[in-house]
Structures are given as C-alpha cells and as structure tokens.
Amino acid sequence: MKCSIPKGTRDFLPVEMARRNYIFDTIRDVFKTFAFEPIETPSIENLSTLMGKYGEEGDKLLFKVLNSGNFMDGVDFSQEYNKVAPKICDRGLRYDLTVPFARFVVQHRDQIALPFRRYQLQPVWRADRPQKGRYREFYQCDADMIGSRSLLNELELVQMIDAVFNKLGIGVTVKINNRKVLSGIATMVGAPDKLIDITVAIDKLDKIGLDNVKGELRERGLSDGQILALDPVFNLSGSTNDKLAGLRNIFTNNADGLAGVEELETLFSLINTVSVDCNVELDLTLARGLNYYTGAIFEVKAHDVSIGSICGGGRYDNLTGIFGMPDVSGVGISFGADRIYDVMTELNKFPDNLGQAAQVMFINFGNNELPYVIKCAAQMRDHGISSLVYPDAAKMKKQMDYANKKGVAFVAFIGENEMNQNNITIKNMSSGQQSTLSIPEAIATIQKA
RNA sequence: GUGGGCGUAGCUCAGCUGGUUAGAGUGUUGGAUUGUGGAUCCAAAGGUCGUGGGUUCGAGCCCCACCUCCCACCCCA
C-alpha cells in the first residue's frame, strides 16, 4: 500500500517542530507582554457561522463536513451543488480565527469583560489549490481586541508586529490603509456598490500597472467616466502626510472618506510617537478581500522573499452584530506561522541550537548494570536533564552511532567499574572529552554545558 | 476554478535518435572493529520506471486519458 497525506497538508519532523515552536513561542511571548489572554475554539463550526463572512470566494474555499446518519433522505440531488451542500453539511472546518472569535464573544459575553483582548494559535483550513506559501491546513496566530474603538489598539498591533519580526530577525514592511478611504473613493466616483470590485482592482496596481487596472475596472462594470474620476487618487504622491492631505482635498463633502483620512492621520501620528524598527507605510492600494473589515487594514510583507503576506488584519465594526450583538468594534491581526517558517528557512534565520532530544544518553551494557543505570537516569531527570537509556544491550558502535545521530550532548558509560565505585563516566560528544565523576559532579557538568 | 511544468530505489537524480539483464550518489542493514560515534573499505537488501490504455518486432523513452506534486493566475496567512 502506498501511503500519503491529503493535498496541501504536511507532516512535521522533530527538527521542523523545534523551529515551528520557536516561532509560536516568540509570537506567544509578544502577545502575553501586551496583556492578551489565550482562548481556543473548536476546529469545526456550524456552517451557518462560517458562510457568507468571507465573500463568495471564501464560501467556495470552506471545507464542509458531511453530516452523519441518513443525511441523503429527502434531499433533491438534481439541484446545483451549492444548493445541495448546505442541506447535507451542517458543519465546516474553520476558515480563520476571527469569525469564530466573534461567535465566541457573543456566546460568552457574560463571562468576559470588554474591552477584551485574546490571542489564539490554532490551525485553519482552506480548500485552496496549494502552491508556494499556500497550504490547505496552516496555523494562524491571532491577537484581537474587541469592545473598543480607540486607535490606540491599532497602534499596539503595529508595535506587536514590530516586536515579533524584530525577535525573529525578519525585515518587514507594514502596509496600512483604511476601508473608509476605499469606500470614500467608491462613493466619490458614484459607484458605492462597486466597492469590492474597485478595491480588488486597485490592489493590483503595483503588480499589473495602471493601464491594466483600468482595464480590469472596465471589465468589472465601471464606466469610463467613473474610471476617469479615479485619476486624482492615482495621482497622489509624496510622503504619507502629502497623500493624506491630498485625500482631504479630494474628499470634500465625503463623510466616509474624511473619517478614514482622519483615522489614518491619528494612527500615523501615534506611530510617530513610539519607536518602531520596521517600515510602516501608507498604501492606498492595499485592499484585502475579507469583507468584514470596516476601518484600518494591515498587511505585512517580508523583505527579500517573494511570498504572500506573512501577517494581516484590520478593524471590523460589526462582526458580532451578525451573531446578535451589535455595536461592538474589534481589531486584530493574524500572523501566518507557516509562511513565517518559509521566510525564515529561505533567509536562514533560525538559531541552530534549537531542539535536542536528549542531553544525556546512557549506554546499555546489559542487565547487571541496568538497575544502577535506571537510578542514575532518574536522578538526572530529577535535576531537569533530559535523559535517555538505550533500550537494548546492542553493540557499542550501534549505540554510539545512535547517540551521534540524535545529537545528544553527553553519553554516559556505566559498567562494572563505575557501578562498584558509585561513579559514572560521561563523554562530551562534541569535544570528545571523557571523564569519570561522581553522580552529582556529572549532573553539574551536564547542566553547565 | 484557469494556465504551465514534473513524475525512474526511502531521498537526490542519470538513463543516448525507442534495442535485449534499469544505474549512480546518499540513506538503510550487516561486517572489517567483543567498553567508545563522526572517517575509510567490503557486502547485502531495496524498482509493477505515477496509473490505465495505445503505437511498435521491441517502450523508462513516442501518443492519448487520468492521477499526483510543483509553479503562476485567482484569492490569501
């Protein structure tokens, strides 16, 4: 039988786990220092919780879970797939952590104090076609604050992004935009209903160029006049302040747009009051497809690596409203641990002392010495030293070879001599040095190494 | 969902314009070496050449279909 795992999923070897945990630990530490508390939610949610939150594309990418039992009874299978699916699938795998979090807040509103800040490190699933940096199962590391409209929250998210990538040693640019500015633009050209179409097209500006963007806008149903009306936006240039000032002029009498500009002005002036090492820039072409965003939107790109964004997020004013708890605004970011892993691999940024199965391995000479060996190993473990007793009295070469491959720091020899004199011989595997010591001395030596 | 590329040993790959018994390196196992690893040498095991069909006297190689993985678009972490 040929064994394999489903498309877009991966196994992780011990080395990989050590590196992944290094990323998770780094992110978790930053979240904790910003006073976020952990929660978890189930892998499967009711499909009704998930559907319609991520746009048409997102609905297609949801993994749906087939009902159990006689789910085919009374279902008309001659209908289209998207009509049949909701009837035979009541549940689906979560697509992100933000929507389940909104559901969580509504459901547990009596047990949490607003404003509430939580972090959550869990896998999500998308039925995308896999490719570089895109998996069907991947981890998101989310931090969200809910129940506060203060832009201080946005500032702290930027500081957290800065802290995480600083610790990991990755150079990044944080791009910031505001959905209200985008909808202001849509209103300005007289196509508020085309907000998504306009943003998706504008998003591609740096990739396909102005002419192609205009072509795409035309395809998406904007008139030539409307496209022409966008020119003042495309012509904005200069510093962040210049662009924001330009937008103010464009947005006279455009309440939505002006509100967005004001938020951006406030956020950028806040950012200027703190010290941030990474690049932070205003990017008016940043759109982000998830259609629950209503205010600030963030996206983080790694320098020197061509991969999608490694972190993203934004403010959502009414996500809980869908579940029956209106007027609770939230804002959050999500770190893509798997992409960060890929970036760090490509840039060779992992520390090389990560992960070690055992600090000391006891050579197995046979049943005579074994009771003493077991006692020694127990003492080592009591002192927090990870210890391994080779399970079989195999040939010395084989045992040494194994210790070498495992990368254990010390090998312990306990034969007749050592046992009789209550000693232990330990060998440092990287230096090759070897000495016979009392057990407390050996413990001290290993702990020092 | 659309387009492109790949598929030969556990892994990385070679295999000539189609020719008889499919190779190397690495890894695995055993030995040289009975209380000492990384090096070297020897030996062994390991393949329905992605799957199915077709062309041919003859297919790993040519043709068709399907599958997989990779890459790009789309979208996004």
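Because only heavy atoms are used, hydrogens play no part in the values below, and waters and symmetry mates are left out as well, while side chains stay in. Here is how names work: the chains are called A, B, and so on, in the same order as the sequence lines, proteins then strands, and each is numbered from 1.
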Quick check: do A:Lys398 and A:Asp392 have side-chain heavy atoms less than 4.5 Å from each other? no

Do A:Arg339 side-chain and B:C76 base share a donor-acceptor contact under 3.5 Å? yes

Discussion item. Using a heavy-atom cut-off of 4.0 Å across all strands, would you classify A:Asp338 as base, sugar-phosphate, or nothing?
Written reply: nothing

Query raised in the report: When we call it a touch if two heavy atoms are under 4.0 Å apart, what does A:Gly312 touch: a base, just sugar-phosphate, or nothing?
Result: sugar-phosphate

Worksheet item: How would you label the contact of A:Lys204 with the nucleic acid (heavy atoms, under 4.0 Å): base, sugar-phosphate, or nothing?
Response: sugar-phosphate

Handout entry: A:Phe138-B:A77 aromatic stacking (under 5.5 Å, under 30°)
Key = yes

When both distances are under 3.5 Å in a Watson-Crick or G-U wobble arrangement, the nucleotide paired with B:A43 is B:U29

Report which part of the nucleic acid A:Gly133 touches: base, sugar-phosphate, or nothing (heavy-atom distance under 4.0 Å, all strands).
base

Any strand, both distances under 3.5 Å, Watson-Crick or G-U wobble: B:C13 pairs with B:G23

Do A:Tyr390 and A:Phe362 make the cut of ring centroids closer than 6.0 angstrom? no

* **Short N-O contact, A:Glu45 and A:Arg91, less than 4.0 angstrom** => no

Margin query: Between B:G37 and A:Asn404, counting only base atoms on the nucleotide and side-chain atoms on the residue, is there a donor-acceptor pair under 3.5 Å?
Written below: yes

Looking at A:Phe101, does the NZ or CZ of A:Arg118 lie under 6.0 angstrom from its six-membered ring centre and within 45 degrees of the ring axis? yes

A:Arg126 atom CZ is separated from B:C76 atom C1', nearest whole Å, by 6 Å

To the nearest angstrom, the CG-P distance between A:Asn364 and B:G35 comes to 13 Å

- Message: Would you say A:Lys7 places a side-chain N or O within less than 4.0 Å of OP1 or OP2 belonging to B:C70?
- Response: no

Atom NZ of A:Lys301 and atom P of B:C76 are separated, to the nearest Å, by 12 Å

- Message: Under 3.5 Å, is there any donor-acceptor pair linking the side chain of A:Lys427 to the base of B:U36?
- Response: yes

| message | Suppose we call a contact any N or O donor and acceptor under 3.5 Å apart; does that hold for the side chain of A:Gln434 and the base of B:U36? | response | yes

